[in-house]
Amino acid sequence: MSAPQVVTRIAPSPTGDPHVGTAYQALFNSVFARQHDGKFVVRLEDTDRSRYNAASEGRILDMLDWLGTVWDGLKPDASPRREDEFGPYTQSERAGLHRQYAEQLLESGAAYRAFDTPEELGERRKAAEDRKDSYLGYDRRDRTLSREESDGRAAAGEAFVIRLAAPLEGQTTVRDRLRGDVVFSNAELDDKVLLKRDGFPTYHLAAMVDDHLMGVTHVIRAEEWLTSTPIHQLILQGLGWAEPEWIHTPWLLSKGGKKYSKRRGDPSVEDFRKMGILPEALLNYLGMMGWSMPSGDDGAAQEVFSPAEMVEHFTWERVSLGGSTFDVEKLRWLNGKYIREVLSLDDVVNRVHAFGAEQGYAEGIGKNEYFRAVVAMMLPRFETLAEFWEKTTYFFSEDYSINDKAAKLIEGGRELLPKLHTTLAALPDFAHDTTEAALRQLAEAEGVKPGKVMQPLRAAIAGTSESPGMFEMLEAMGQGRVLERVARVLNAEMPLGGQDSPVY
RNA sequence: GGCCCCAUCGUCUAACGGUUAGGACACUACCCUUUCAAGGUAGCGAUACGGGUUCGAAUCCCGUUGGGGUCACCA
C-alpha cells in the first residue's frame with residue numbers, strides 16, 4: 001500500500017458543543033482530500049485535561065456521522081471510532097509519544113526546562129503589561145540555566161515544563177497556500193510551552209508530532225493558527241521533519257463581525273439539527289462561505305451544490321480571504337430550497353416524519369397516505385423540519401386552537417356557515433374538483449366572491465387564515481372530518497377568539 | 001500596546017487591467033391567487049479613503065482608516 005499523496009485532518013477539541021467551525025473545517029479538509037484520492041482523518045485533541053468533556057467527544061463524532069449521511073467523502077478514513085495503523089486517534093493516548101519527542105528536543109538543545117510556577121509567570125506577565133511592554137511572552141528566565149542545574153533540579157523532583165528555545169534573531173517565513181509568504185521576526189516569537197507540568201503536551205507539540213506521524217500532508221485549519229505557525233515550523237525543524245503545506249482558511253463570523261462562537265449565542269450544529277436544518281443544506285451553505293462555485297455562462301453563480309460537486313470544481317484560488325458572516329436566514333432559505341426543489345417528496349416525507357419522531361412532534365401520527373398528502377401540500381410552506389410541525393397541528397388533532405384572525409373570519413361568515421355545511425354534506429365525494437365546483441357555485445349563488453365563502457371555511461377547519469390550498473386540504477382531510485369541524489364551529493354559542501380559545 | 005491577516009451592495013459573493021461592477025439572501029413594488037407560502041417580473045443597494053503605476057485600476061504598488069486574530073502550563 002503506497003502512502004496517499006494527500007492526507008488531511010481535522011483536530012477538534014472535546015470541550016463543548018459540536019462547533020459549526022468544526023463542520024466547516026471537516027468540509028474543506030474532506031473535499032480537498034477526496035479531490036486528490038487522499039485520506040481524511042479525525043483526531044481528537046483532548047490533551048487539556050482540565051477542560052475535557054467526555055460527552056462532548058461523542059457528540060462531535062456523532063455530528064460528523066450525521067453530516068456523513070449525505071456524503072461518503074465526509075466519513076473519515078480514520079478516527080477514534082475507526083482506528084488504523086497510524087492511530088490511536090485520541091491524542092491523550094499518545095502522550096507517551098509526545099513526551100518522548102519533547103525529551104528529544106531537550107536533548108538536542110532545541111528546548112529547555114523551565115521551573116517557573118504559574119503564579120510567578122502571572123506576576124511577571126502582569127508587570128510586563130503594567131510597564132506596557134510590547135513583548136508579552138515568556139521572559140525566558142530559565143533559558144540560560146546550565147544543563148547541570150536543570151538536570152539536577154529535575155532529578156530532585158522540582159516541577160517543570162519544557163519550552164521551545166525559539167531563535168532570538170532572524171526571521172521565519174511561513175508559506176501559506178492562500179496568502180503567500182508571511183514573514184515573522186524571530187524576536188517576536190515566544191518560547192512556547194511544549195510539555196506541560198502534568199506531562200501532557202500542548203497543542204503546538206502534539207499537533208506537529210501527530211501530524212507528522214500520521215502522514216498529514218496538508219494542514220488545513222482556521223486562520224487563528226497563522227501566527228503560531230512559525231513555532232510549529234521550529235518544532236518540525238528541531239525534530240528534523242519536513243513541513244506540510246500550510247493552508248489557513250478564512251474566518252466564520254457571527255453578526256457583528258466577531259468570531260462565530262457558541263459562547264456568543266451562535267447556534268451549534270446540534271442546534272441546527274434540532275431546528276430541522278438538513279445536513280445537505282448546512283454543508284451546501286458552509287461550502288459557499290469563503291468559496292464559490294464557478295459561475296456558468298449566464299454569469300450567475302450556482303448556489304445549490306453538493307460536496308461531490310464541490311470536489312469537481314474546488315480550487316484554493318477561489319477561496320476568498322475576508323471572513324464570512326454566517327447568515328441563518330440564508331441557511332433557512334437554502335434549506336427550504338432543498339425541501340421543495342432538491343429532495344424527492346418521498347425523501348421529505350421520511351425526513352419530516354423521522355424528525356418529528358425524534359423531537360417528539362409525531363406522537364401517534366403515522367407515516368401514511370394522509371401524512372404524505374399533508375407534506376405534499378405544505379412543501380412550499382416550510383423551510384425547516386420543525387416549522388412543518390409547528391404549522392400543521394390542525395391536520396393531526398381535533399384539539400386545534402382558533403386564532404383571533406380566524407375567529408373574526410368565522411364571525412364575518414357566520415350566516416354562510418350553515419349553507420356551507422349543507423352544501424358540503426350533500427357532496428358525493430370530496431375530490432378536489434368536486435369541492436371546488438361546489439364552493440364556487442355557492443359563492444355565485446350568494447353573489448359573493450369565492451374568498452367570502454372560503455375564508456370562513458378555512459378558519460373553521462384550520463383555526464388559522466394561513467393554510468395550503470382549500471381543495472387539496474378538503475380532499476386530504478375528508479368529508480367526515482371537515483363536516484364535524486364545521487358543525488362544531490357552527491354550534492359554538494359564544495363568539496370565538498383569542499389565541500388559545502378552543503373550538504368548542 | 002507589539003506582531004500578523006483581511007477589506008466589492010446590510011449579508012454571501014462574481015470580476016483574474018478594459019463590464020451600464022454580475023448573481024444570491026434580505027427588503028420594496030407588481031403579477032399569479034381562496035388565505036399563507038412558493039413562483040415570476042421589476043426596483044433599492046457596493047468597489048473604505050488618499051496617493052501612485054498605466055492609454056485604461058475593484059483588480060498592481062505605497063500610505064491611511066477600519067475590522068479581525070495572536071501574544072495561556074487552551075486548543
Side-chain angles (χ1 to χ4, degrees), chain A residues 11-13 15 45-48 50-51 114 116-118 121-122 125 129 132-138 159-163 174 176 178-179 182-185 187-190 192-198 200 202-204 206-207 222-230 248 250-251 253 255 257-259 285 288-296 298-303 317-318 320-327 329-334 336 340-341 378-383 391 405-406 409 436 439-440 443 449-455 457-459 462 464-471:
Chain A
S13 184
T15 53
E45 309 239 319
D46 59 345
T47 53
D48 182 353
S50 63
R51 292 204 309 159
D116 321 73
T117 65
L121 287 177
R125 186 196 161 89
E129 279 169 6
K132 296 202 191 308
D133 284 358
S134 59
Y135 175 84
L136 294 173
Y138 178 54
F160 62 86
V161 299
I162 294 181
R163 284 183 181 270
V174 174
D176 180 80
L178 300 176
R179 283 157 258 262
V182 182
V183 181
F184 294 85
S185 162
E188 298 288 335
L189 269 26
D190 193 2
K192 288 290 179 204
V193 169
L194 265 22
L195 198 73
K196 298 179 274 189
R197 236 167 221 257
D198 63 5
F200 280 95
T202 57
Y203 171 87
H204 305 296
E223 189 182 330
E224 60 183 317
W225 294 110
L226 183 57
T227 48
S228 44
T229 305
H248 293 94
W251 288 101
L253 309 170
K255 278 212 160 48
K258 299 272 194 272
K259 176 180 168 181
Y285 184 72
M288 52 200 230
M289 298 295 273
W291 183 78
S292 61
M293 197 72 162
S295 45
D298 58 353
Q302 186 182 337
E303 299 267 326
E317 283 62 39
R318 294 192 67 84
S320 57
L321 295 176
S324 311
T325 305
F326 199 103
D327 181 1
E329 274 307 307
K330 189 159 183 175
L331 206 211
R332 290 176 59 94
W333 164 79
L334 232 203
R340 75 185 95 90
E341 293 178 19
M378 284 299 293
L379 220 49
R381 298 178 170 83
F382 64 103
E383 290 186 320
K391 289 184 168 179
K405 200 169 171 193
L409 285 167
E436 172 161 17
L439 290 178
R440 289 192 189 284
K449 287 183 177 173
K452 271 289 176 199
V453 322
M454 283 192 254
Q455 281 294 73
L457 176 58
R458 181 192 317 280
T464 166
S465 58
E466 300 172 12
S467 85
M470 188 81 257
F471 315 115

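Throughout, a chain's letter reflects where its sequence line sits, starting with A, and its residues are numbered from 1. For clarity, every value in this text was computed on a predicted model and none was experimentally measured.
Within 4.0 Å (heavy atoms only), A:Ser134 reaches at least one base atom of the nucleic acid. Residue contacts shown for A:Arg332 are absent, as no nucleic acid heavy atom lies under 4.0 Å away. Residue A:Thr47 is classed as a sugar-phosphate contact, given heavy-atom separations below 4.0 Å to backbone atoms only. Note on A:Lys391: nothing from the nucleic acid sits closer than 4.0 angstrom, heavy atoms only. Counting non-hydrogen atoms under 4.0 angstrom, A:Tyr285 reaches nothing in the nucleic acid. A:Pro294 comes within 4.0 angstrom of no nucleic acid atom, judged by non-hydrogen atoms across all strands. Residue contacts for A:Glu224: at a heavy-atom cut-off of 4.0 Å it reaches a base atom on one of the strands shown. Nucleic acid contact class of A:Arg51 (heavy atoms, under 4.0 Å, all strands): base. Base contact: A:Leu121 has a heavy atom under 4.0 Å from a base atom. Within 4.0 Å (heavy atoms only), A:Thr325 reaches sugar-phosphate atoms of the nucleic acid but no base atom. Among the heavy atoms of the strands lying under 4.0 Å from A:Asp116 is at least one base atom, whether or not backbone atoms are also near. At the heavy-atom level, A:Leu136 lies under 4.0 Å from base atoms of the strands shown. Nucleic acid contact for A:Thr117: base, since at least one base atom lies under 4.0 Å from a heavy atom of the residue. At the heavy-atom level, A:Gly336 lies nowhere under 4.0 Å from the strands shown.
In the set B:rA75, B:rU34, B:rU13, the nucleotide with an atom closest to the side chain of A:Ser320 is B:rU13. Counting only heavy atoms from C-beta on, A:Arg179 has its side chain closest to B:rC6 among B:rC6, B:rG69, B:rU13. When the nucleotides B:rC12, B:rG68, B:rA24 are ranked by their closest atom to the side chain of A:Met289, B:rC12 comes out on top. The nucleotide whose nearest atom lies closest to any side-chain atom of A:Glu188 is, among B:rC6, B:rG69, B:rG2, B:rG2. For A:Asp190, whose side chain is taken as the heavy atoms from C-beta onward, the closest listed nucleotide among B:rC71, B:rU35, B:rC25 is B:rC71. Here B:rC5 is the nucleotide among B:rA72, B:rU35, B:rC5 with the atom lying nearest to any side-chain atom of A:Val182.
A close approach under 4.0 Å does not occur between any side-chain nitrogen or oxygen of A:Trp251 and OP1 or OP2 of B:rG68. The phosphate of B:rC12 has neither OP1 nor OP2 within less than 4.0 Å of any side-chain N or O from A:Ser292.
Here the separation of B:rG23 from B:rA15, taken at their C1' atoms, is 12 Å to the nearest Å. One P atom belongs to B:rA58, the other to B:rU19, and the distance between them is 9 Å to the nearest Å. Distance check on atom C1': B:rG39 versus B:rC55 gives 48 Å, rounded to whole Å. Between B:rU53 and B:rC16, the distance separating the two P atoms is 25 Å to the nearest Å. Here, B:rG2 and B:rC61 have their C1' atoms 26 Å apart, quoted to the whole Å. Taking atom P in both B:rU28 and B:rU20, the straight-line distance is 32 Å, to the nearest Å. Between B:rG51 and B:rU65, the distance separating the two C1' atoms is 14 Å to the nearest Å. Comparing the C1' positions of B:rU11 and B:rG45 gives an interatomic distance of 12 Å, to the nearest angstrom.
Taking atom CG on A:Asp176 and atom C1' on B:rG69, their separation rounds to 14 Å, with Å as the unit. Rounding to whole angstrom units, CG of residue A:Leu334 and P of B:rU11 are separated by 19 Å. Rounded to whole Å, the distance from CE on A:Met293 to C1' on B:rC12 is 16 Å. At whole-Å resolution of the value, CG in A:Leu189 and P in B:rC4 are 12 Å apart. Regarding A:Met454, its CE atom lies at a distance of 8 Å from the P atom of B:rU35, rounded to whole Å. Following rounding to the nearest Å, A:Leu194 (CG) and B:rA72 (P) show an atom-to-atom distance of 15 Å. Taking atom CH2 of residue A:Trp225 and atom C1' of nucleotide B:rG68, one finds them 17 Å apart after rounding to whole Å. The interatomic distance linking A:Glu303 (CD) with B:rC25 (C1') rounds to 8 Å, in whole Å.
In this structure, B:rC32 forms no base pair with any nucleotide, since neither Watson-Crick nor G-U wobble geometry is met with both distances under 3.5 Å. In this structure B:rA57 sits in no base pair that meets the Watson-Crick or G-U test at under 3.5 Å. The partner of B:rG50 is B:rC62, judged by Watson-Crick or G-U wobble contacts that both fall below 3.5 Å. Shown here, B:rC27 forms a base pair with B:rG43; the pair counts as Watson-Crick or G-U wobble because both key distances fall under 3.5 Å. In this structure B:rA15 sits in no base pair that meets the Watson-Crick or G-U test at under 3.5 Å. When both distances must be under 3.5 Å, the Watson-Crick or G-U wobble mate of B:rC9 does not exist.
Side-chain atoms of A:Arg381 come within donor-acceptor range of the base of B:rC36, with a qualifying N/O pair under 3.5 Å. Put simply, the side chain of A:Lys330 and the base of B:rA26 share no donor and acceptor less than 3.5 Å apart.
Between A:His204 and A:Trp225, the two ring planes are perpendicular [angle over 60°; tilted spans 30° to 60°].
Scanning for side-chain contact (heavy atoms from CB on, under 4.5 Å) contacts around A:Leu457 gives A:Leu420, A:Leu424, A:Leu439, A:Ile461, A:Met470, A:Leu474, A:Val486, with sequence neighbours left out. A search for side-chain contact (heavy atoms from CB on, under 4.5 Å) contacts involving A:Leu253 returns A:Trp251, A:Thr325, not counting sequence neighbours.
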